[in-house]
Amino acid sequence: ADEPVPDAADELKRLSDYYFNVIYLSRSGQDGAPSGEDERAWLRQHRLPPGFLVMVPSGQAALAGLIDRMRAEGWDNLKGGVGRTAEFASVLVEHRMDAVLISVSKDEPLPKKAYVAKDWKEVRKKLQA
């Protein structure tokens with residue numbers, strides 16, 4: 001499995017200390033996709049803070065549906081997310097959420113309201129602003 005981006009564990013811990021609830025999204029429903037237990041073990045192994053793990057199929061419609069369902073279930077405090085693709089950012093921007101991208105390809109066209117962070121320290125500062 002991939003290594004987390006440097007400082008991710010420490011900066012996510014700092015965000016959770018400031019009353020941010022961490023929700024980890026993982027792809028599911030694909031051949032070779034890890035199970036939820038595999039994901040939880042990976043999160044623990046890399047010292048990432050506790051959070052809600054949600055398995056979601058890839059694609060904009062699946063992510064948009066997840067956000068809509070969570071809001072309908074009372075998650076009215078979904079404010080933003082951190083991801084790696086323009087597709088992810090587009091869904092968040094369409095849902096009036098902050099979209100912060102890290103480790104993103106320089107060639108990928110991004111939504112105008114997406115913020116690109118160079119590292120996790122910058123991610124934390126943007127989300128706390």
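Residue numbers count from 1 along this sequence. Please read these numbers as outputs of a predicted model, since none were measured by experiment.
- Distance NE2/His46 to CG/Leu12: 13.5 Å, rounded to 0.5 Å.
- Applying the salt bridge (Lys or Arg N to Asp or Glu O under 4.0 Å) test to residues at least two apart or on different chains, the pairs with a partner in residues 118-129 are Glu11-Arg124, Lys118-Glu122.
- For the pair Ala86 and Pro109, the tightest heavy-atom approach, listed with the atom from each and the gap, is CB-O, 3.2 Å.
- Under the 4.5 Å side-chain heavy-atom criterion for Ile, Leu, Val, Met, Phe, Trp and Tyr, Leu63 and Val93 are members of distinct hydrophobic clusters.
- Looking at Arg69, its side chain does come within 3.5 Å of a backbone N or O of Gly65 through a donor-acceptor pair.
- Ile102 contributes atom CD1, which lies 9.0 Å from atom CG of Asp7 (distance to the nearest 0.5 angstrom).
- Residues forming a salt bridge (charged side-chain N to carboxylate O under 4.0 Å, His left out) with Arg47 (at least two apart in sequence, or on another chain): Asp10.
- Aromatic pair Trp42/Tyr24: centroids not less than 6.0 angstrom apart.
- Here the CD1-CH2 distance, from Ile23 to Trp75, works out to 4.5 Å after rounding to the nearest 0.5 Å.
- With rounding to the nearest 0.5 Å, the separation of CE in Met55 from CZ in Arg27 is 11.5 Å.
- Linking ILVMFWY residues whenever their side-chain heavy atoms come closer than 4.5 Å, directly or via other members, places Leu48 and Tyr18 in the same cluster.
- Between Gln60 and Ser90 the shortest heavy-atom distance is NE2-CB, 3.4 Å.
- When side chains are defined from C-beta on, Phe20 does not count as touching Lys79, because their heavy atoms never get closer than 4.5 Å.
- When all heavy atoms of Ala114 and Leu101 are compared, the closest pair comes out as CB-CD1, 4.4 Å.
- A pairwise comparison of heavy atoms in Leu92 and Ala99 identifies CB-CB, 4.0 Å as the closest pair.
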Q: Check step by step if side chain to side chain contact (heavy atoms under 4.5 Å, CB included) holds for Val22 and Leu15.
A: CA-CA 8 Å; Val22 179; Leu15 284 168; 5.7 Å; no
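- Taken from CG in Leu127 to CH2 in Trp120, the straight-line distance is 7.5 Å, to the nearest 0.5 Å.
- Counting all heavy atoms, side chain and backbone alike, Val100 lies closest to Ala117 at CG1-CB, 4.0 Å.
- Atom CZ of residue Arg71 and atom CG of residue Leu78 lie 6.0 Å apart, to the nearest 0.5 angstrom.
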